[in-house]
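Below is one structure, written out as structure tokens; the observations come after it.
So you know, we letter chains A, B, ... as the sequences are listed, proteins then strands, and number each from 1.
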There are 2 protein chains.
Amino acid sequence: MLETQDLDRRTRRHLRSRREIIEAAWELARGEGIAGFSLRQLAARVGMKAPSLYQYFATKNDLYDAMFHDGYQQLQERLTSQEGLAPLTREEIKEEGRKFFDFCTEDPVRYALMCERPIPGFEPSAQSAALAEEVLHAQVYSMLANLGIRDQETIRLFLGITNGIVSQQIALNPGAQDWRPLMDRAIDLFLDHVEVA
Amino acid sequence: MLETQDLDRRTRRHLRSRREIIEAAWELARGEGIAGFSLRQLAARVGMKAPSLYQYFATKNDLYDAMFHDGYQQLQERLTSQEGLAPLTREEIKEEGRKFFDFCTEDPVRYALMCERPIPGFEPSAQSAALAEEVLHAQVYSMLANLGIRDQETIRLFLGITNGIVSQQIALNPGAQDWRPLMDRAIDLFLDHVEVA
DNA sequence: GTCTATATTTGGATAGAC
DNA sequence: GTCTATCCAAATATAGAC
């Protein structure tokens with residue numbers, strides 16, 4: 001007979017393996033590109049053979065979806081949720097901006113999976129897309145709302161300029177940080193423009 | 001005996017075929033992704049078999065390089081060279097910004113090839129990279145220099161925010177133009193900040 | 001749950017006839 | 001310059017033994 005304890009243990013073990021695979025996938029993706037690694041390579045890295053991976057992910061796109069989801073979970077942990085908080089000072093906003101810059105540039109492949117469309121045919125599942133929206137809401141929308149900014153155009157302006165600094169760093173000089181000071185300046189520019197903080 | 005005329009004719013014919021292949025490659029790339037089309041598909045589209053393509057491009061990466069080069073030539077034709085011109089008015093700058101936005105968003109795959117790094121292992125040749133730099137110089141550096149802006153940080157700020165608007169449009173809602181009005185606003189923001197025009 | 005073996009497809013690229 | 005035929009490598013995914 002199967003005890004509940006055994007089921008739990010089995011589930012936990014399964015989830016742990018899943019996690020290990022996802023992390024190995026990130027490592028491989030950083031080296032070979034997000035679409036450039038194979039399931040054979042991935043299996044080898046976790047000490048399995050390729051077919052065993054199908055116990056954890058039904059298709060390669062399902063793996064991508066788990067990575068996408070994982071990326072947004074990481075971002076969520078890295079930034080400070082702004083929901084129900086007092087408005088940030090200008091310096092605190094810059095601090096969050098630098099954290100975002102560092103998060104994105106430290107792993108360009110992760111940034112691409114999360115914010116660009118690097119894999120033809122892959123789209124995040126509804127669940128993962130919902131998490132992405134949730135993170136955006138908790139961090140950006142809330143932060144701006146706390147400053148009194150709620151109209152979509154201004155929110156987009158903020159998203160555009162901050163992501164612009166990040167994506168230029170990654171496109172023109174990945175691995176470096178020479179665009180990092182520009183994040184502060186871009187945020188100054190924005191805040192001067194909207195006349196708050 | 002081969003006449004010079006014949007050589008010219010042959011060369012022109014060769015270049016015409018090359019051009020036809022590049023254009024077919026763009027069409028395919030728009031549908032299948034930049035790395036998602038095969039040389040077999042490409043050959044079929046121009047009425048050839050795959051091996052014949054090797055008369056025109058030694059490898060697939062050479063084809064990508066030709067496309068990269070072609071993209072920057074197209075951009076060069078689309079924008080107005082600013083070298084030796086009088087400073088633009090604010091409205092004229094916005095006009096150029098909108099042209100850039102339209103150019104980039106009308107073909108996201110082209111934008112990706114030109115400005116992101118969508119193909120692991122592909123880097124533009126020295127010649128193509130030089131063209132890219134030349135275009136950037138003739139358009140952006142010159143335009144800003146005519147306004148008295150010459151320091152690198154401010155130039156980068158301009159590049160960051162304008163590319164940011166474009167890349168958000170492509171990432172979040174490709175095919176649409178709902179971020180287009182933000183290009184004007186971003187340029188206002190920038191010009192207010194640097195206090196010119 | 002993991003394996004071996006393999007099906008199946010597809011890719012880039014080359015040899016050599018015409 | 002274009003073709004047919006083919007090489008070779010690699011990919012995702014499945015079947016079925018253990």
key: Within 6.0 angstrom of B/Glu123 CD, more than 12 heavy atoms from elsewhere   = no
query = Between atom NZ in A/Lys60 and atom C1' in D/dA10, what is the gap in whole Å?
reply = 11 Å
task = Under 4.0 Å between any heavy atoms, over every strand shown, what does A/Gly36 touch: base, sugar-phosphate, or nothing? Just pick one.
result = nothing
ask   = With a non-hydrogen cut-off below 4.0 angstrom, is B/Ser52 in contact with a base, only sugar-phosphate, or nothing?
value = base
inquiry  = Without decimals, in angstroms, what is the distance between A/Glu32 CD and D/dA10 P?
reply    = 12 Å
query = Is the charged tip of A/Arg110 near the ring of A/Phe103: under 6.0 Å from the six-membered ring centre and within 45° of its axis?
reply = yes
ask   = Whole Å only: how far is the CG atom of B/Asn61 from the C1' atom of C/dG12?
value = 11 Å
task = Using atom CZ of A/Phe57 as one end and atom C1' of D/dT14 as the other, report the distance to the nearest whole Å.
result = 19 Å
task = Check every atom of D/dT4, D/dT14, C/dG1 against the side chain of B/Pro51 and return the nucleotide holding the closest atom.
result = D/dT4
query = How long is the line joining CZ of B/Arg40 and P of D/dC3, in whole Å?
reply = 14 Å
task = Would you mind reading off the distance between A/Arg18 atom CZ and C/dG1 atom P, rounded to a whole angstrom?
result = 13 Å
note = From CZ of B/Phe122 across to C1' of C/dG12 the rounded distance in Å is 17 Å
ask   = Looking at A/Ser38, does any N or O in its side chain come under 4.0 Å of the phosphate oxygens OP1/OP2 on D/dA11?
value = yes
query = Hey, is A/Arg98 close enough to A/Glu91 for a salt bridge, meaning N to O under 4.0 Å?
reply = yes
query = Does NZ or CZ of B/Lys60 come closer than 6.0 Å to the centre of the six-membered ring of B/Phe37, within 45° of the ring's axis?
reply = yes
request  = Would you mind telling me which of D/dA11, D/dA13, C/dG12 lies closest to the side-chain atoms of A/Gln41?
outcome  = D/dA11
remark   = Of the candidates D/dA13, D/dG1, C/dG12, the side chain of B/Gln55 sits closest to D/dG1
ask   = So, B/Arg19 and B/Glu23, do they make that salt bridge, N to O below 4.0 Å?
value = yes
message = Without decimals, in angstroms, what is the distance between A/Lys49 NZ and D/dA11 P?
response = 14 Å
request  = With the side chain of A/Met48 defined as its heavy atoms from C-beta on, choose the nearest nucleotide among C/dT2, C/dG12, C/dT4.
outcome  = C/dT2
message = Considering every strand and a 4.0 Å limit on heavy-atom distances, what is the contact class for B/Ser17: base, sugar-phosphate, or nothing?
response = nothing
message = Of the options D/dC3, C/dG1, C/dG12, whose atoms approach the side-chain atoms of A/Tyr56 most closely?
response = C/dG1
